[in-house]
Visitor: 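One structure is given below, represented as structure tokens, and several questions about it will come after.
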Amino acid sequence: MPGVDHPPEHERDEMSEQETYDVEAVQEKWLPVWDELQPFRADEDSPREKKYALTMFPYPSGDLHMGHAEVTALHDVVARYWWQRGFEVLNPMGWDSFGLPAENAAIRNDEHPATYTYANIETQYESFKRYGISFDWSRRLHTSDPEYYRWTQWLFLKFRERGLAYRKNSPVNWCPNDQTVLANEQVVDGKCERCGADVTKRELTQWYFKITEYAQELLDCLDDLEPTWPTRVVTAQRNWIGRSEGAHVDFAVEGHDPITVYTTRPDTIFGTTFMVVAVDSALAEELVTDGQRAAFETYRDEIRKETEIERLSTDRPTSGVDLGVTATNPVTGTQIPVWATDYVLADYGTGAVMGVPGGDQRDWEFATVMGLEIIRTTQTPEGFEGESYNGEGPAINSPAPGVDAPLDINGLGVAEAKRATIDFLEQRGTGKGAVNFRLRDWLLSRQRYWGVPIPIIHCEKDGEVAVPYDQLPLELPELRGADLKPKGVSPLAAASEWVDVACPTCGGPAKRDSDTMDTFVDSSWYFLRYCSPTYTDGPFDVEKARAWMPADIYVGGVEHAVLHLLYARFFTKVLRDMGMLDVGEPFAAQLNQGIVINQGKKMSKSLGNGVSLGDQLAAYGVDAVRLTLVFAGPPEDDIDWADMSPAGSLRFLQRAWRLSGDVTSAPGTAPEGGDVALRRATAHTVHEAAELIEGYRFNVMVARVMELVNATRKAIDLPESRGGCGPADPAVREATEAVAILLSLVAPFTAEEMWERLGHRPTVARAGWPAVDPGLLVEESVTAVVQIQGKVKARLEVAPDIAEADLEQLALADPDVVKAIDGRPVRKVIVRAPKLVNVVV
RNA sequence: GCCCCGGUAGCCCAACGGCAGAGGCGAUGGUCUCAAACACCAUUCAGUGUGGGUUCGAAUCCCACCCGGGGCACCA
């Protein structure tokens, strides 16, 4: 084992000063003790104030890796801190155990996905235990257990009863590799978030959660989360929800219902010279005239073949087809042509846009290519050389000079012009102010096996029929190996003895819905299940949830900034509206850790730069690895393992541990009367550590503990003449005990061992926060700096409560200061008692 | 293109608008050793990405730019 000295047996006697810290033996020693003591069992009936420490539960792929080690080490600092501060802490762990990797493994190995899943869960469970995180294992859960997913199904049915789960036919994102649909959030740069394949569109009837109904509230509550959530998560969610304000405007079409468009710039309506609808929308199909139908269909089919990547590409050529109809501008009465194009999105707004080339660059390009008229409606600034202009400026051509129109907004600024136009449209009944969101409803159906079956039966006569609540859980049929191969429809559809059922309403032949739910549904409420993991009368015990929710901290990866975190917020709000929760937000505070990389790059098999957590633990021990991860830097920063020194961490732990063997005073020795300098250092460290932890500045906290260890070492070793006090001084015991308790947040094995060597009973994890005499925090004297023109010229030892006038007098009398002033007239003296005096000459 | 976050010793990182350095790594020298490794002791090193501004005083506040990371991006 590198870094640890194992002297031969015969030398041991001469090495009493250099005791050996046997990492492995210490680890083996304490695990069974903790199992016995169960120090982290959360009790909601406890009179202590409660804290809920939550960390994102893992997907069970293989064993734990460096990423898991980092996030749980950071998380554990907070959880253990809260225990030490006297809180009752809920710190649960479970597994997000439905999902594709298990299914793919099952196909490869001709087995059941559960085999892979539960084997990995056991492996990870054992690893977590050895890793010494303060989880309450009695609350362990797996989302793939029927007793868990019965409640996922229950929630789905409840949501459906509230109109929040519905089925619709619509073009959806399709991953040709995983052979399943994807939610908007799972398409990143036109690629499948999971496998990276180019996503295409398909027209399918699928289940959706109506998250858009909560769009405004999801947005508004971000204001309250802003102080305690990472900025980047809050902004990412704001961007994702994408609220905009504008108007719906109706354009009359002969022989058809009016076309309603959404626009954020109703004030530019005088510049509307054409109209564009999404080529893949039903509206386009309806509007197209017989004469243009052939051209339209050719164009539409071309676009449909394209992947998301191609459609999203910003340098694609402008394209479109004239639909052959005209619409009437509701303000000017002008007839304008209606086109179909691919730059308008079918599922945003109304799928139709008023073309204002003077105010929108896309419209400008379209008008230029198609030879359509361009009218500017906002005065461009002096020297403007661009094409379209959407900035601030007075309205012009609204109406054009000499034209008589029922509305005149010429000269108004953008905001006033908008308001005037909306007022006019509303009076005329041809439009109204409107708000739009970028957020779409959450597509939750998946054409795969290893997920929660959707508890719906499709009957020809009765339509969609819910599986009765007393028949939940609706369990998955036993499929394995080749049965699970992706075929474009769910594997469940082929399990005829499962799919074919009698309709619960009419008893006639019917079929079960053969899709399963997106696994993000499972993880949208697991933090509630933890509050009462074995509850059988509902997804969770409302009273228990009241006791624990919201989670006081949620630690996890920033990759979930929109997906999981938005969905979980949505579920929480719905459950609140169902009367099951008091809170509208699930996570009061959040901490995102960085990732562990190696040699400047993400660890990956292809780069061959992976670092095995198991190897690191074997080489340096759990505590040293945890300490390294916590000490590496601010939690949000990435950690380059190549820059880290677990050996250095181990060295420090040994130094700390050695202190506990050097203390010679008896346990319980009162610290009063001990060496004051060391007592002050201890008091400061403990005091500051609390502030640092609460600010998530764990790396600095560790540094402070290192300082205290160094100070204690010196106090023991140095002769009295050089500030030492010897191992028998009560201050040494006080400092060492503080070190043990502070270290218990990061290095629980070492801390436990120290605690025992100090003559205490286990477990240090519940020893309580070190008591600090507040008097020791007040310094007897402080160093005041005297500056001339901002440059330090002298230092003075002064009382901390010195008056400004006294300090000024003292400073100006100092010989070094007098010399530095050198007889020049003093123009100004700035005094910041007790730390600083600045003399301006 | 728009919006966030960040640039401090060789490296990882500290520093209420007030002495740029807390801690660690590395390096160098020493103690120990036949020698080395380990351990221990000591020493070393930047003026804070660039340019302006505010201030008695700026790593810290403001503006512009450069570099790195992230989010959104035909969202009308």
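To find a chain, count down the sequence lines: A is the first, B the second, and so on, and within it residues start at 1. Remember, it's a predicted structure, so these values are computed and weren't measured experimentally.
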Visitor: Starting from P on rC75(B), measure out to CE on Met354(A) and report it in whole angstrom.
Guide: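 In whole Å, rC75(B) P lies 15 Å from Met354(A) CE.
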Visitor: Between Glu365(A) and Arg362(A), is the salt bridge (Lys or Arg N to Asp or Glu O under 4.0 Å) condition met? List the steps.
Guide: CA-CA 5 Å; Glu365(A) 279 158 22; Arg362(A) 295 155 299 178; over 6 Å; no
Visitor: Whom does rA35(B) pair with, Watson-Crick or G-U wobble, provided both distances fall under 3.5 Å?
Guide: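 The answer is none; no pair meets the criterion.
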Visitor: Just how far, in rounded Å, is P of rG71(B) from CD of Glu559(A)?
Guide: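 After rounding, the reported distance stands at 11 Å.
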Visitor: Quantified in whole Å, what is the P atom distance between nucleotide rG7(B) and nucleotide rC12(B)?
Guide: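 Per the computed distance, 12 Å lies between those P atoms.
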Visitor: Would you find a donor on one side and an acceptor on the other, under 3.5 Å apart, between the side chain of Asn592(A) and the backbone of Glu636(A)?
Guide: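 Not at all, since once roles are kept as given, no pair shorter than 3.5 Å links the two residues.
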Visitor: Examine distances only and state if a side-chain atom of Asp280(A) and a backbone atom of Ile303(A) form a donor-acceptor pair shorter than 3.5 Å.
Guide: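 Side chain of Asp280(A) to backbone of Ile303(A), a donor-acceptor pair under 3.5 Å: no, none is there.
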Visitor: What nucleotide, of rC56(B), rC72(B), rC13(B), holds the atom closest to the side chain of Lys828(A)?
Guide: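 Looking only at heavy atoms from C-beta outward on Lys828(A), the closest nucleotide is rC56(B).
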Visitor: Quote, to the nearest angstrom, the C1' distance that separates rU48(B) from rU43(B).
Guide: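 After rounding to an integer number of Å, I get 24 Å for this pair.
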Visitor: State which of rC13(B), rC75(B), rA22(B) makes the closest approach to the side chain of Arg704(A).
Guide: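 Closest of the options to the side chain of Arg704(A): rA22(B).
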Visitor: Give me the one residue out of Thr430(A), Asp250(A), Val249(A) that meets side chain to side chain contact (heavy atoms under 4.5 Å, CB included) with Pro258(A).
Guide: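 Per the side chain to side chain contact (heavy atoms under 4.5 Å, CB included) rule, the option paired with Pro258(A) is Asp250(A), out of Thr430(A), Asp250(A), Val249(A).
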Visitor: Give a yes or no on whether a donor-acceptor pair under 3.5 Å exists between the nucleobase atoms of rC75(B), that is its base, and the side chain of Arg440(A).
Guide: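 Pair found.
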Visitor: Kindly say whether Pro381(A) contributes a backbone atom to a donor-acceptor pair with the side chain of Tyr389(A) at under 3.5 angstrom?
Guide: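 No, Tyr389(A) side chain to Pro381(A) backbone: no donor-acceptor pair under 3.5 Å.
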Visitor: Could you tell me how far rG24(B) sits from rC56(B) if I compare only their C1' atoms? Round to whole Å.
Guide: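 Looking at atom C1' only, rC56(B) and rG24(B) are 37 Å apart.
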Visitor: With both distances under 3.5 angstrom, what nucleotide forms a Watson-Crick or G-U wobble pair with rG1(B)?
Guide: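 Because both required distances fall under 3.5 Å, rG1(B) counts as paired with rC72(B).
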Visitor: Let's see if you can work this out: which of rA76(B), rG18(B), rA42(B) has an atom nearest to the side-chain heavy atoms of Arg362(A)?
Guide: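 Among rA76(B), rG18(B), rA42(B), the one nearest the side chain of Arg362(A) is rA76(B).
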Visitor: Where does rG47(B) land, syn or anti, once you apply the within-90°-of-0 test for syn?
Guide: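 For rG47(B), whose glycosidic angle is within 90° of 0, the conformation is syn.
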Visitor: If the C1' atom of rC3(B) is compared with that of rC75(B), how far apart are they to the nearest Å?
Guide: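 Their C1' atoms lie roughly 16 Å apart.
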Visitor: When the distance from CD of Glu226(A) to C1' of rC5(B) is rounded to whole Å, what number comes out?
Guide: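 Result: 14 Å.
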Visitor: Kindly say if Arg655(A) contacts the phosphate of rA39(B), meaning a side-chain N or O under 4.0 Å from OP1 or OP2.
Guide: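 False: Arg655(A) side-chain N/O out of range (4.0 Å or more) of rA39(B) OP1/OP2.
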Visitor: Return yes if some donor-acceptor pair links the side-chain N/O of Asn609(A) with the main-chain N/O of Lys602(A) below 3.5 Å, else return no.
Guide: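 Flag set: sc Asn609(A) to bb Lys602(A) pair under 3.5 Å.
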Visitor: Taking rC45(B) as the reference, what is the distance to rG26(B) when you measure between their C1' atoms (whole Å, please)?
Guide: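 Between the two C1' atoms, the distance is 11 Å.
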Visitor: Please classify the nucleic acid contact of Asp363(A) as base, sugar-phosphate, or nothing, using heavy-atom distances under 4.0 Å.
Guide: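 Counting heavy atoms under 4.0 Å across all strands, no contact is made by Asp363(A).
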Visitor: Picking from rA39(B), rG23(B), rG71(B), which would you name as closest to the side chain of Asn710(A)?
Guide: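 Among the listed nucleotides, the one closest to the side chain of Asn710(A) is rG23(B).
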Visitor: Write down the distance separating the C1' atoms in rU28(B) and rA22(B), rounded off to the nearest Å.
Guide: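 Taking atom C1' in both rU28(B) and rA22(B), they lie 23 Å apart.
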Visitor: Should Met275(A) and Val261(A) count as side-chain neighbours, where that means a heavy-atom distance under 4.5 Å?
Guide: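 Met275(A) reaches Val261(A) side chain to side chain.
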Visitor: Taking pairing as Watson-Crick or G-U wobble with both contacts under 3.5 Å, can you name the mate of rC40(B), or confirm there isn't one?
Guide: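 Base partner found: rG30(B).
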Visitor: Ring-plane angle category for Tyr21(A) and Trp657(A), please: parallel below 30°, perpendicular beyond 60°, tilted otherwise.
Guide: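 Because their plane-to-plane angle lies in the 30° to 60° range, the rings of Tyr21(A) and Trp657(A) count as tilted.
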Visitor: By nearest atom, which of the nucleotides rC4(B), rC74(B), rG23(B) is closest to the Thr235(A) side chain?
Guide: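 That would be rC4(B).
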Visitor: Where the side chain of Val344(A) is concerned, which of rA76(B), rA14(B), rA42(B) is the nearest nucleotide?
Guide: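 Among rA76(B), rA14(B), rA42(B), the one nearest the side chain of Val344(A) is rA76(B).
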Visitor: For a quick test of reading the model: is some side-chain N or O of Asn838(A) closer than 4.0 Å to OP1 or OP2 of rU55(B)?
Guide: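 For Asn838(A), the contact criterion (side-chain N or O under 4.0 Å from OP1 or OP2 of rU55(B)) is not met.
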Visitor: Ignoring hydrogens and angles, answer whether the base of rG18(B) and the side-chain atoms of Gln787(A) contain a donor-acceptor pair closer than 3.5 Å.
Guide: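 Donor-acceptor pair under 3.5 Å: yes.
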Visitor: Send over the distance from Ile597(A) CD1 to rG70(B) P, rounded to a whole Å.
Guide: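 Value for this atom pair: 11 Å.
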Visitor: Which of the following nucleotides, rC74(B), rG23(B), rA39(B), is nearest to the side chain of Phe631(A)?
Guide: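 The listed nucleotide nearest to Phe631(A)'s side chain is rG23(B).
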Visitor: Under 4.0 Å between a side-chain N/O of Ser244(A) and OP1 or OP2 of rA76(B), yes or no?
Guide: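 Yes, within the criterion.
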Visitor: Going by purine N1 to pyrimidine N3 plus the second Watson-Crick contact, or the G-U wobble pair, all under 3.5 Å, which nucleotide sits opposite rC13(B)?
Guide: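 Answer to the pairing question: rG21(B), which forms a Watson-Crick or G-U pair with rC13(B).
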Visitor: Scan every strand shown for a Watson-Crick or G-U wobble partner of rG6(B), both distances under 3.5 Å, and answer none if you come up empty.
Guide: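 With both distances under 3.5 Å, rG6(B) matches rC67(B).
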Visitor: Choose from rA76(B), rG18(B), rG24(B) the nucleotide whose nearest atom is closest to any side-chain atom of Leu836(A).
Guide: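 Comparing rA76(B), rG18(B), rG24(B) against the side chain of Leu836(A), the answer is rG18(B).
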Visitor: Using purine N1 to pyrimidine N3 plus N6-O4 or O6-N4 for Watson-Crick, or N1-O2 and O6-N3 for G-U wobble, each under 3.5 Å, what pairs with rA59(B)?
Guide: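 The answer is none; no pair meets the criterion.
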Visitor: Start at the 5' end of RNA chain B and walk down; is the nucleotide closest to Thr231(A) or to Val353(A) reached first?
Guide: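 Nearest-nucleotide comparison on RNA chain B picks Thr231(A).
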Visitor: Under 4.0 Å between a side-chain N or O of Arg651(A) and OP1 or OP2 of rA39(B)?
Guide: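 The answer is yes; a side-chain N or O of Arg651(A) sits under 4.0 Å from OP1 or OP2.
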Visitor: Checking Asp267(A) side chain against Lys418(A) main chain: does a donor-acceptor pair fall under 3.5 Å?
Guide: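 Not at all, since once roles are kept as given, no pair shorter than 3.5 Å links the two residues.
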Visitor: Does Tyr343(A) have a side-chain nitrogen or oxygen under 4.0 Å from the phosphate oxygens OP1 or OP2 of rA76(B)?
Guide: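 No.
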Visitor: Between rC25(B) and rC13(B), how far apart are the two P atoms, rounded to whole Å?
Guide: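 Each nucleotide's P atom is 16 Å from the other's.
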Visitor: Tell me what Met644(A) touches on the nucleic acid: a base, only sugar-phosphate, or nothing, going by heavy atoms under 4.0 Å.
Guide: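 Met644(A): backbone/sugar contact only, no base atoms under 4.0 Å.
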Visitor: Between rG51(B) and rA59(B), how many Å separate the two P atoms, rounded to a whole number?
Guide: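 The same atom, P, in both gives a distance of 13 Å.
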Visitor: OP1 or OP2 of rG24(B) sitting under 4.0 Å from any side-chain N/O of Asn699(A)?
Guide: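 It does not, given that no N or O in the side chain of Asn699(A) lies less than 4.0 Å from OP1 or OP2 of rG24(B).
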Visitor: Compare the minimum distances between each of rG24(B), rA76(B), rA14(B) and the side chain of Pro634(A), then state the nucleotide with the smallest one.
Guide: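 Among rG24(B), rA76(B), rA14(B), the one nearest the side chain of Pro634(A) is rA14(B).
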Visitor: Let me know the distance between CD1 of Ile639(A) and P of rG69(B), rounded to the nearest Å.
Guide: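 These atoms are roughly 19 Å apart.
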Visitor: Quick one: on RNA chain B, does Arg265(A) or Asn239(A) contact a more 5' nucleotide (nearest heavy atom)?
Guide: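 Nearest nucleotide further toward 5': that of Asn239(A).
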